[in-house]
Every structure is written in structure tokens, then in C-alpha cells.
Amino acid sequence: QVQLVESGGGLVQAGGSLSLSCAASGRTFSGYAVAWFRQAPGKEREFVAAKSWSGSITYYADSVKGRFTISRDNAKNTVYLQMNSLKPVDTAVYYCAATLNPGNYRRRYTYDYWGQGTQVTVSS
């Protein structure tokens with residue numbers, strides 16, 4: 001089992017920045033692909049960004065490309081999401097996820113482990 005705990009959410013004005021962290025514990029993080037998803041009230045959980053274990057593969061949703069950056073520090077078992085130029089539409093609960101499955105990294109059902117989420121609110 002891998003336990004994931006997100007942190008770093010909060011309230012920010014439009015145009016501002018936030019940095020989210022996701023710390024993994026339990027089994028070794030080795031080999032896991034990681035991702036960030038988000039869910040706004042009344043909407044489906046949607047893909048934001050993903051990165052392979054080696055870091056050689058990275059995906060972003062079109063809506064965040066150029067504004068968000070996913071990174072990972074395997075030595076620290078931590079995944080990050082740097083969010084710049086935030087917009088009110090980015091308001092959501094952000095979830096960290098991890099998987100050993102070699103599936104489609106953009107699909108939520110590829111992921112076996114999820115954090116509890118952290119709220120990000122962007123005011124206009």
C-alpha cells in the first residue's frame with residue numbers, strides 16, 4: 001500500500017500562484033507513475049498532469065499546459081504541482097494519484113492510490 005497526502009492548497013487571487021505537494025509513504029515509491037487530478041463542485045474528476053517514474057514522460061491537460069508544471073523528487077517520495085497564472089476555473093479539490101499500471105496516464109481508472117485532496121480556490 002502507498003499512502004498519499006497532499007498539501008499546499010489555499011485561496012489565491014486570479015493571476016497568482018500556488019504550489020501543491022504530495023508526500024508518499026508506506027511501500028517504496030519506486031516504479032510508480034504519478035498524477036494530479038481535480039474535481040470542481042458538481043463536475044467529474046478530471047486529469048491535470050502526470051509523470052512517469054523516470055520522469056521521461058509527462059502529460060498535461062490542454063487547459064493547464066503552459067501554466068502548471070508537475071515534478072517529482074523520488075528520493076523524497078514527493079510529487080509537486082506548481083500552478084501559475086491561476087484562473088477562477090482552476091478552483092477545485094486537487095488530488096494526487098499513483099499507479100504501477102502501464103495504462104493511459106490520463107484516465108483516472110489507471111490509478112490505484114489516491115490522496116484525500118486539497119482545496120484550491122481562485123478568486124476573481
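For reference, positions follow the sequence shown, starting with 1.
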Q: Which residue pairs satisfy the salt bridge (charged side-chain N to carboxylate O under 4.0 Å, His left out) criterion with at least one member in residues 41-52, sequence neighbours excluded?
A: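 Checked against salt bridge (charged side-chain N to carboxylate O under 4.0 Å, His left out) - neighbours excluded - the pairs reaching residues 41-52 are Arg38-Glu46.
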Q: For the pair Ser17 (side chain) and Asn84 (backbone), establish whether a donor and an acceptor sit closer than 3.5 Å, ignoring hydrogens and angles.
A: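 Answer holds: no.
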Q: To the closest 0.5 Å, what do you measure between SG (Cys22) and CD (Glu6)?
A: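 Between Cys22 SG and Glu6 CD, I get 5.0 Å after rounding to 0.5 Å.
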Q: What's the shortest heavy-atom distance between Ile57 and Tyr59, and which atoms?
A: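 Between these two residues, the closest heavy atoms are CG2-CE1, 3.4 Å.
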Q: With hydrophobic residues grouped by side-chain heavy-atom distances under 4.5 Å, do Tyr95 and Val2 end up in a single group?
A: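 Cluster IDs for Tyr95 and Val2 differ.
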Q: Tell me whether Val79 shares a hydrophobic cluster with Tyr32, the cluster being built from Ile, Leu, Val, Met, Phe, Trp, Tyr side chains joined at under 4.5 Å.
A: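 Same hydrophobic cluster.
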Q: Does the separation of the ring centres of Tyr111 and Phe37 fall below 6.0 angstrom?
A: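 Tyr111 vs Phe37: aromatic centres under 6.0 Å.
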Q: At what distance, to the nearest 0.5 angstrom, does CZ of Arg67 lie from OG of Ser85?
A: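 Those atoms lie 7.0 Å apart.
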Q: Does Trp53 offer a backbone N or O that forms a donor-acceptor pair with the side chain of Asn74 under 3.5 Å?
A: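 Yes, Asn74 side chain to Trp53 backbone: donor-acceptor pair under 3.5 Å.
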Q: Working to the nearest 0.5 Å, report the span between CZ of Arg72 and OG of Ser54.
A: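 Here the rounded value is 8.5 Å.
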Q: Of the non-hydrogen atoms in Gln116 and Val5, which two are nearest, and what is the gap between them?
A: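 That closest heavy-atom pairing would be OE1-CA, 3.8 Å.
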Q: What closest approach, in Å, do Leu20 and Val120 show between heavy atoms, and which atom pair accounts for it?
A: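 Looking at all heavy atoms of both residues, the closest pair is CD2-CG2, 4.1 Å.
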Q: Closest heavy-atom contact between Leu18 and Leu86?
A: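 Minimum heavy-atom separation between Leu18 and Leu86: N-CD1, 3.8 Å.
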Q: Rounded to the nearest 0.5 Å, what separates atom CG in Leu81 from atom SG in Cys96?
A: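 Between atom CG of Leu81 and atom SG of Cys96 there are 9.5 Å.
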Q: Within the side chain of Thr91, is there an N or O that forms a donor-acceptor pair under 3.5 Å with the backbone of Val122?
A: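 Yes, because the side chain of Thr91 sits within donor-acceptor range (under 3.5 Å) of the backbone of Val122.
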Q: Is it possible for you to say whether Val48 and Tyr60 belong to one hydrophobic cluster, with membership spreading through side-chain heavy-atom contacts below 4.5 Å?
A: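 Shared cluster, yes.
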Q: Could you check whether any side-chain N or O of Gln39 sits under 3.5 Å from a backbone N or O of Val93, counting only pairs where one atom can act as donor and the other as acceptor?
A: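 Such a contact is absent between Gln39 side chain and Val93 backbone.
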Q: Considering only heavy atoms from C-beta outward, does the side chain of Tyr113 approach that of Gln1 to under 4.5 Å?
A: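 Result yes, sub-4.5 Å side-chain heavy-atom pair found.
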Q: Any ion pair linking Asp62 and Lys65 (charged N to carboxylate O, less than 4.0 Å)?
A: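 Salt bridge flag = yes for Asp62 with Lys65.
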Q: Do the side chains of Tyr105 and Trp36 join up, straight or via other hydrophobic residues, at under 4.5 Å, putting them in one cluster?
A: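 Hydrophobic grouping puts Tyr105 apart from Trp36.
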Q: Is there a side-chain contact between Thr58 and Ile70, using heavy atoms and a 4.5 Å cut-off?
A: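 Yes, at least one pair of side-chain atoms sits under 4.5 Å.
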Q: Find out if a path of hydrophobic residues (ILVMFWY) with successive side-chain heavy-atom gaps under 4.5 Å connects Tyr80 to Val34.
A: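 Different hydrophobic clusters.
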Q: Side chains of Asn104 and Thr110: any donor to acceptor distance under 3.5 Å?
A: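 No.
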Q: Could you report the tightest heavy-atom contact between Thr78 and Ala23, atom names first, then the distance?
A: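 Where Thr78 meets Ala23 most closely, the heavy atoms are OG1-CA, 4.3 Å.
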Q: Do side-chain atoms of Asp73 reach the backbone of Lys76 as a donor and acceptor pair under 3.5 angstrom?
A: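 Yes, the answer is positive, given that a donor and an acceptor are paired below the 3.5 Å cut-off.
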Q: If you compare all heavy atoms of Ala92 against all heavy atoms of Ala40, which two are closest, and at what distance to 0.1 Å?
A: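 So the minimum-distance heavy-atom pair works out to CB-N, 3.8 Å.
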